[in-house]
Amino acid sequence: MAARGDQIVWLGQTRDLPAVLARDAFETRDAQGRLITPGLIDCHTHLVFGGDRSQEWRLKLSGAPYDEIARAGGGIVSTVAATRAASEADLTRSALTRLDSLLADGATTVEIKSGYGLSLEDELKMLRVARGLAAERKVRVRTTLLAAHTVPPEFRTDRAAYVRQIIEVIIPASVGLTDAVDAFCETIAFTPEETRAIFEAAAAHGLPVKLHADQLTDSGGAALAASFGALSADHLEYASPDGLAAMAAAGTTAVLLPGAYYVLSEPVKPPVDVMRKLGLPMAVASDCNPGTSPMASLRLAMHLAVTLFGLAPEEALAGTTRNAARALGLGDQLGQLKPGAQCDLALWDTDQPDAVIYWLGRLPQCQRVVGGLTV
Ligand SMILES: [Zn+2]
């Protein structure tokens, strides 16, 4: 493999290396038989948040229903309160601990959503913190505005006013800080009609959309995402065959999030067989978040996608490389080893591709290359 600047320019057998590349190379490295994959891409995370909800787990384990957990000060509202109270420095510090875990497991690109601020000021704060992480570590960061994550407490009696606030104030102000707009379309979150209005506002500002779709019920989220040409629809446990077919036709990537499925002990799996038959590209992500997917490892996400959802190991690896890049609208630049792609790599201390997914915990170890630079 040869790279110039931050791009891969050649791949092949050493004996076929063009003489000019061999002559001009100022650095030559021998991978010593190690497996090289594209750097892993986590295309769905909620990495930036305040507080800690590990205490809630005890309540959940004892069978406490959601409203009891919320009354005990838990649930998403507690993360919103802690995130609003946190300074940018505090949020950066706590996010870096999780980011470092993702990077140690081979990630070179991480998508990060807002969605725990739920006010103009706090959503922009989250996006700034997320973007700022790229200055702290060698990693590519993509940001997604998720103001439509839940209705904040102060708007509980007038949710239409909050949707208007997203459309008229938060989306316009996020231009330049966000790469996409996301929403949680679900019976416990935003309706398809509200989601549609939010997506129309995103489109008016030239922002692509993504959707938390059909996780707990079939809300028609897959078809709704497809009708806006969404980059991705994520979760999809309850997505209908028609909705998935619409996604395939629209070029929308299906993002599978086995961490949340596992932690919530969901009874229904995403319809992977239907996705396969449709040729729908499947990505796999950590969904790293404090409430439903306390997981900061793409390798564990891949392992769960294989063991719980029945993906083949090579499908799981495509899910955190090629298809994850598609889910971020970066399919032409990232996630593949090919001339013209960014030279983002993971070098694994194994020559067995399956070993990257098979082992639980941080084995085999890996070294990352981002934009041609070893980090
Ligand atoms: Zn999510």
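Just follow the structure's listing: the first ligand is 1, and inside any ligand the first atom is 1.
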Before we go on, tell me: are the rings of H303 and Y358 under 6.0 Å apart, centre to centre? no

Metal check, the Zn ion (ligand 1) vs H235 N/O/S, cut-off below 2.8 Å: no

Would R98 and F49 count as a cation-pi pair here, with the cationic atom under 6.0 angstrom from the ring centre and within 45° of the axis? yes

Within 45° cone and under 6.0 Å: R159 NZ/CZ vs F190 ring: yes

Can K210 and E111 be counted as an ion pair, charged N to O under 4.0 angstrom? no

The Zn ion (ligand 1): angle it makes with NE2 (H46) and NE2 (H44), nearest 10 degrees: 100°

Can you check the angle at the Zn ion (ligand 1) formed by NE2 of H212 and OD1 of D287? Round it to the nearest 10°. 160°

